[in-house]
Amino acid sequence: MNLPELKNNFYKRLGPSDNFLYFTSNGFLCSLLGYDNIVSAPFIGCTLSMGIKMFARKLNGDMIIIQDNAKSKAISYKYGTNISQYTGEPKETIELLQRFEGRHINGAEILFDCSIPEFLPYKDALFLTLTQSVLKISNIESDPLEIACIAAGSENISPYMGMIYSKKGYCTHIYGRVPQNLPLPMSGYKILTAHCTESERSHSKEINYAMEHIRRLYPHIGSISDITPEMLQAAKNSVKNKTALRYLYHLVNENERMAIASKALKRCDIQGLFTQMNLSQMSMERFWDLGSEHTFLARCSKNIDGIEAVRCWKNGIVAITRNDKIDHAITMIKCAFETHIGYQPTFCVCDVF
């Protein structure tokens, strides 16, 4: 939905007012290298043209009303109310609003539109946009880290930092607490994603196990980006879980791929990023225990004319594809996947936000 339509819907639903209407938006975060869903793991990501658009208006009092443009029912919350009284509401949203308690927050009327497909998790983009909107209407200035912490709560702040630092025409390298924007010259390309019904496998348990053993030898290690191949080799005998060791081996080598890609992007060499994405996919297939459907999607895509880089991501793949080959790529992937797996994957075509 475009902005004039969303603005008109806001006034239709919530009525006219002299109060200023604030606009906030965030694109959906896409990891090109690394992993935004693993705590302490660095990544290079960009935001996509699908995402959250939100209008917010100050409301007298301490009530906040939030409406999804695609739904008729609103969420209503009064600051200071016990969460147990909101059993029928989305609990996570109420918990986010409770994190503003004690910050002199104004009441608000909010309407948002989500263009992210239902098969992709949109909570991170929604919660960040909601956090930014609530702070705006209350005239509260916060630094990016504080905003990310409010939006994330007890969860990983990395994806929120990736969205906050996103910039049109750039991707963002998140490592430690020093985000770096890098040129992303995507002229002539679009991002094609394909998704299957096979669930994405979690690697968190094994990675946490391996990190515990690494830190016994190197207590100063703060994140995966701090680990060198030499450190991993030294800890090899103490990490008894060989699956965990394989996962960490992939992540440590991913650090080097991101370093090489960063240098290439600083020169506006997009082919350098494509090469590292393809190498990352090869490493994932060897060390990352991908699902069979995810692996098939990647392998059948990489040789299709027009697809320059492909990598498993979000229950499927992300493939950087030439503009004039999008329809061809979708047709070829759809045909191969349905023939070998038995159903058609779901596709999204996006620009960089």
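This is a predicted model, so every value here is computed, not measured.
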Honestly curious: do [X] and [Y] fall in one hydrophobic cluster under the side-chain, below-4.5 Å linking rule?
X: L6; Y: L14; answer: yes
X: M284; Y: L245; answer: yes
X: I174; Y: M277; answer: yes
X: Y170; Y: L48; answer: no

> Is the shortest side-chain N to carboxylate O distance from K314 to E200 below 4.0 Å?
Replying inline: no
>> Looking at R311 and E254, is there a salt bridge between them, counting it only when a charged N and a carboxylate O are closer than 4.0 Å?
In response: yes
> Quick check: are there more than 12 heavy atoms from other residues, nucleotides or ligands sitting under 6.0 Å from NZ of K71?
Replying inline: no
>> Can you tell me if E141 has over 12 outside heavy atoms packed within less than 6.0 Å of its CD?
In response: no
When you measure from the side chain of [X] to the backbone N and O of [Y], does any donor-acceptor pair fall under 3.5 Å?
X: S115; Y: G51; value: yes
X: S76; Y: I65; value: no
X: E109; Y: L59; value: no
X: H213; Y: S238; value: yes

Give the ring-plane orientation class for [X] versus [Y], where under 30° counts as parallel, over 60° as perpendicular and anything between as tilted.
X: F296; Y: F337; result: tilted
X: F28; Y: W313; result: perpendicular
X: Y175; Y: H173; result: tilted

In Å, rounded to the nearest 0.5 Å, how long is the span from [atom1] of [X] to [atom2] of [Y]?
X: M332; Y: D305; atom1: CE; atom2: CG; answer: 9.0 Å
X: L96; Y: L128; atom1: CG; atom2: CG; answer: 10.0 Å
X: I260; Y: L273; atom1: CD1; atom2: CG; answer: 12.0 Å

> Would you say the side chain of I75 lies within less than 4.5 Å of the side chain of I94, judging by non-hydrogen atoms?
Replying inline: yes
Are [X] and [Y] close enough that a side-chain donor and a side-chain acceptor fall under 3.5 Å?
X: Y160; Y: T131; result: no
X: Y343; Y: E293; result: yes
X: T346; Y: H195; result: no

> Where is the tightest heavy-atom contact between A125 and I116, given as atom of each residue plus distance?
Replying inline: CB-CD1, 4.1 Å
> What residue among V252, I227, D226, I224 forms side-chain contact (heavy atoms from CB on, under 4.5 Å) with I214?
Replying inline: I227
> Y247 pairs by ring-ring contact (aromatic ring centres under 6.0 Å, His included) with which of F287, Y209, W288?
Replying inline: W288
>> Determine whether the aromatic ring centres of residues F100 and Y77 are separated by less than 6.0 angstrom.
In response: no
